[in-house]
Structures are given as C-alpha cells and as structure tokens.
Q: 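A single structure is presented below for examination.
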Amino acid sequence: MIRVIAITQFVFLSLGFLALTIIVKASTYPDASAQPIPAISTFLAQYGAWFLLVPVLWTVFAMICQKGGRGLLSLNSAQVSGVILSAAILGVYSYAIFKP
C-alpha cells in the first residue's frame, strides 16, 4: 500500500507540474501582458520540481512507521497521512491550474 500511495503522489506532482508549466508558458506567449498569472501558479511552475522530493520523504516516513511504530508512528497513520498528502497535492495543483 505504501508503494501505491507514493506512486500516486509522484504522478499527481509530475502531471500537475507539467500541466501548470505548459499553462503558464502558454499564457505568456507571445507577450507577457496578455493575462496576469496568479502568484501560486508562478511559484509552483518555478519551484515545483523540488516538490518531487515529497513522495520520497513520505516513503521514508512510511517505511519507518512500518518497522513497528505505535501511536503517531503507526502504519495506519502513515497511510492516512499519505492519502491526505495526495489529496492536498491534487487540490493545490488543481487550484493553481484552474484559477482564473
């Protein structure tokens, strides 16, 4: 289950980054004064590649939890946090892409 969540996070980040970069570049062509670009869109288009570390870091966290943690470090909490993180990634990129 950990691999599935990590791959989902990676796919959401990759596709969101690519789509947002294309939209930002298309909206500034041929001149930069065509439409104002929201700040979150430009931030994610410029620094979105760094967010690809999120699935790696979450996978390390989940592997530590899988080794027998209890409480906040249980495997169930790691899975729930991974699903919430995936939903947050999808939500942020969707907001940045579809924001008028």
Q: Measure across Ser86 and Gln9 and return the closest heavy-atom pair with its distance rounded to 0.1 Å.
A: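 Taking every non-hydrogen atom into account, OG-CG, 3.1 Å.
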Q: For Ser81 and Trp58, work out which heavy atoms get closest and say how close.
A: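 Here Ser81 and Trp58 meet closest at OG-NE1, 3.3 Å.
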Q: Taking the six-membered ring for Trp, are the ring centroids of Tyr47 and Phe51 within less than 6.0 Å of each other?
A: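 Centroid separation for Tyr47 and Phe51: 6.0 Å or greater.
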Q: Does some side-chain heavy atom of Phe10 sit less than 4.5 Å from a side-chain heavy atom of Val56?
A: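 They are not in side-chain contact.
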Q: Please report the shortest heavy-atom distance between Ala96 and Leu44, naming the atom on each side.
A: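 Closest approach of Ala96 to Leu44, heavy atoms only: CB-CD1, 3.8 Å.
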Q: Do Phe98 and Phe17 sit in one hydrophobic cluster, given that two such residues count as connected whenever their side-chain heavy atoms are within less than 4.5 Å of each other, even indirectly?
A: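 Yes, it is one cluster - the side chains of Phe98 and Phe17 are joined through contacts under 4.5 Å.
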Q: Under 4.5 Å between side-chain heavy atoms, counting indirect links through other Ile/Leu/Val/Met/Phe/Trp/Tyr residues: same cluster for Val54 and Ile7 or not?
A: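 No, Val54 and Ile7 fall in different hydrophobic clusters.
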Q: Could you tell me which non-hydrogen atom of Pro55 sits nearest to which non-hydrogen atom of Ala6, and how far apart they are?
A: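 Of all heavy-atom pairs spanning Pro55 and Ala6, the closest is CB-O, 3.8 Å.
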Q: According to a 4.5 Å side-chain heavy-atom criterion applied to Ile, Leu, Val, Met, Phe, Trp and Tyr, with indirect links allowed, do Val80 and Leu90 form part of one hydrophobic cluster?
A: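 No.
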Q: About how many Å separate OG of Ser77 and CZ of Phe61, when rounded to the nearest 0.5 Å?
A: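 Nearest 0.5 Å value for the CZ-OG distance: 5.0 Å.
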Q: Membership question, hydrophobic clusters at under 4.5 Å side-chain separation (ILVMFWY): are Val83 and Ile89 in the same one?
A: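 Same cluster: Ile89 reaches Val83 through Ile, Leu, Val, Met, Phe, Trp or Tyr contacts under 4.5 Å.
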Q: For Ser74 versus Cys65, what's the shortest heavy-atom pair and its separation?
A: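 Smallest heavy-atom distance, with atoms named: O-CB, 3.6 Å.
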Q: Can you tell me how far CG of Leu75 sits from CD of Gln79, rounded to the nearest 0.5 angstrom?
A: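 Nearest 0.5 Å value for the CD-CG distance: 4.0 Å.
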Q: If you look at every heavy atom in Val24 and Ala45, which pair is closest and at what distance?
A: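 The answer is CG2-CB, 4.1 Å.
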Q: Hey, could you give me the CD1/CG distance between Ile23 and Leu18, rounded to the nearest 0.5 Å?
A: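 Ile23 CD1 to Leu18 CG: 11.0 Å, rounded to 0.5 Å.
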Q: CG of Leu20 to NZ of Lys25: how many Å apart, nearest 0.5 Å?
A: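 Leu20 CG to Lys25 NZ: 11.0 Å, rounded to 0.5 Å.
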Q: Answer with yes or no whether the hydrophobic clustering places Ile5 together with Val11; edges join I, L, V, M, F, W, Y residues whose side-chain heavy atoms lie under 4.5 Å apart.
A: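 Hydrophobic grouping puts Ile5 apart from Val11.
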